[in-house]
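One structure is given here, and the rest of the page talks about it.
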Amino acid sequence: MAGKVKTIGVLTSGGDAPGMNATIRAVVRTALAKGMKVKGIKRGYSGLLDEEIVDMDAKSVSDIIQRGGTILYTARCHRFREPEWQQKGAEICRKHGIDGIVVIGGDGSFRGASKLAANGINTIGIPGTIDLDISCTDYTIGFDTAINTAMEAIDKIRDTSTSHERCSIIEVMGRKAGYIALWCGIANGAEEVLTYEKYDGDEQRIIDSVLERKKVGKKHHIIVNAEGVGDSEGLAKRIEAATGVETRATVIGHIQRGGSPTCKDRVYASVMGAKAVDLLEEGKSNRVIAYKNGEFVDYDIEEALAMTKDLDEYMYNMARRLSR
Ligand code: ADP
Ligand code: F6P
């Protein structure tokens, strides 16, 4: 059929996320099943510009569904923000016979994908980030694994915090987005959840609450602090000085980005990978796959990038009520 995509390129870009390998596997195997060829592009847009392009077959994605990270590696590539490099990227695709490309990453990666589409390469984005900070979708690949990893870490900190009758501040990732903090705050029964979106900076209220709980005999005080608020060490020092309650800060860090993906991340990542290939087969371009209101859907990339979302107000208020 004229115009039909014959060779698909796949790349991962931005921060890695558990489940990206499951997506790559689904893209490769779905495309092969439809009679297309697949090329893996290593190190995101950087690898595209440096022509780090390898042929992929069914075996290239064996034994990876259960592995965190990305077998294609990932990178942040400043050159790709420039129009001449975007054109060059499209030319390189054509040179390697790549007429459709699947980009797994976040908003930034989708901006790059849309530039490739504008330069004539059929392009589909798949939301992959632990931060859940992509507005068009209720699910991003890696979030589920990351919150479960963080939740288990916070449970462990709670054990030692209770034994020492301490206050613990646990900083979780998420850039400016508080989704990881909010979900863990609820799942770990935290006394406080501080997020960039909602925190008003009122430390005196936190201090009063630590003192109040100490008075009624509470043995721990767990504060889940989002990366967007930061300064966990400073906050710990100030709380300890003002309350006399020993306070420790733990920044969980990159542990949240790694590890074997949860069942949900493996399954949703697989569906998104397969759907991306379906769209390319239908001749679609400049689309992003999303999970919205319980369904897998797709949007125009520019429309998707223009969408906004915020922390769920009900969940946030509920987290506060449950911590009383
Ligand atoms: P994420 O995809 O997780 O949001 P980044 O914002 O770091 O991560 O973006 C990943 C990569 O996408 C960047 O390193 C760059 O190569 C590309 N990119 C980001 N913004 C743009 C843009 N405006 N135009 C073209 N490419 C972009
Ligand atoms: O976007 C994923 C993420 O892990 C954020 O939560 C965090 O702010 C950032 O990436 C860290 O990036 P890096 O691994 O480059 O330090």
Side-chain angles (χ1 to χ4, degrees), residues 10-20 23 41-50 52 68-70 72-90 92-93 101-119 121 123-137 140-147 149-150 153 170-184 195-197 224-232 251-259 265 286 288-290 301-302 304-307:
V10 56
L11 63 83
T12 47
S13 168
D16 68 338
M20 280 184 165
T23 324
I41 300 160
K42 293 189 176 170
R43 300 180 180 83
Y45 296 118
S46 213
L48 174 63
L49 298 180
D50 297 338
E52 295 187 81
T70 158
L72 290 175
Y73 307 100
T74 186
R76 297 191 169 104
C77 172
H78 294 295
R79 280 180 292 170
F80 207 69
R81 291 170 190 267
E82 307 301 328
E84 63 267 32
W85 286 106
Q86 294 156 7
Q87 280 164 23
K88 176 92 180 143
I92 291 169
C93 285
I101 199 158
V102 177
V103 171
I104 309 161
D107 277 350
S109 304
F110 297 160
R111 285 192 182 90
S114 131
K115 303 297 185 214
L116 276 179
N119 281 287
I121 305 298
T123 308
I124 307 293
I126 297 183
T129 167
I130 64 164
D131 301 337
L132 195 66
D133 61 346
I134 301 179
S135 298
C136 69
T137 184
T140 61
I141 293 163
F143 176 71
D144 191 58
T145 307
I147 50 174
T149 304
I170 300 111
E171 187 171 312
V172 295
M173 277 187 164
R175 268 184 222 275
K176 289 276 187 317
Y179 298 100
I180 299 178
L182 178 58
W183 277 67
C184 288
T195 68
Y196 176 79
E197 298 92 327
V224 177
N225 187 29
E227 179 184 9
V229 175
D231 188 29
S232 295
V251 179
I252 306 183
H254 286 83
I255 284 174
Q256 292 159 99
R257 278 246 296 269
D265 272 331
N286 204 42
V288 54
I289 310 273
I301 292 187
E302 272 71 36
L305 289 172
M307 292 179 188

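Counting begins at 1 with the first residue of the sequence. We count ligands from 1, going down the list as the structure has it; atoms in each ligand are counted the same way.
In terms of N/O distances under 3.5 Å, ligand 2 is not approached by G15. At least one N or O atom of S109, backbone or side chain, sits closer than 3.5 Å to an N or O atom of ligand 1. Checking only distances, C77 does come within under 3.5 Å of ligand 1, N or O to N or O.
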Exercise. Given the rule in the side chain to side chain donor-acceptor pair (under 3.5 Å) test, do D16 and T74 qualify, once you have shown the distances and angles that lead to the verdict?
Worked result: CA-CA 7 Å; D16 68 338; T74 186; over 6 Å; no

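Proximity of R76 to ligand 2, defined as any heavy-atom pair under 4.0 Å, is confined to the side chain (atoms from C-beta onward).
Taking every heavy atom of R111 and a limit of under 4.0 angstrom, the matching atoms of ligand 1 come to 21 (C), 22 (C), 23 (N). The contact set between ligand 1 and G106, taken as ligand atoms under 4.0 Å from a residue heavy atom, comprises 1 (P), 2 (O), 3 (O), 4 (O). Heavy-atom contacts of G112 reach the following atoms of ligand 1: 25 (C), 26 (N), 27 (C) (cutoff under 4.0 Å). Near M173, meaning under 4.0 Å from one of its heavy atoms, ligand 2 places the atoms 4 (O), 6 (O). Short contacts between ligand 1 and Q86, defined as distances under 4.0 Å to a heavy atom of the residue, involve ligand atoms 24 (N), 25 (C). Those atoms of ligand 2 with a heavy atom of H254 less than 4.0 angstrom away are 13 (P), 14 (O), 16 (O). Near Y45, meaning under 4.0 Å from any of its heavy atoms, are these atoms of ligand 1: 12 (O), 16 (O), 17 (C). Every atom of ligand 1 with a heavy atom of R76 under 4.0 Å away is listed here by number and element: 7 (O), 14 (O). Close approach to S13 involves these atoms of ligand 1, each under 4.0 Å from a residue heavy atom: 10 (C), 11 (C), 12 (O). Against a heavy-atom cut-off of under 4.0 Å, G174 is close to the following atoms of ligand 2: 6 (O).
At a threshold of 4.5 Å between non-hydrogen side-chain atoms, the residues I252 and V172 count as touching. Looking at D107 and D133, their side chains never come closer than 4.5 Å, going by heavy atoms from C-beta outward. Side-chain atoms of I41 and V10, non-hydrogen and from C-beta on, never get closer than 4.5 Å to each other.
Nearest non-hydrogen protein atom to atom 25 (C) of ligand 1 is F80 O, 3.3 Å. In terms of protein heavy atoms, atom 4 (O) of ligand 1 is closest to G108 N, 3.0 Å. At the top of the distance list for atom 8 (O) of ligand 1, counting protein heavy atoms only, stands G14 CA, 3.7 Å.
Checking T145 against D265 by side-chain atom types alone, a donor-acceptor pair falls below 3.5 Å.
Checked against a 6.0 Å centroid threshold, the rings of W85 and Y45 do not count as neighbours.
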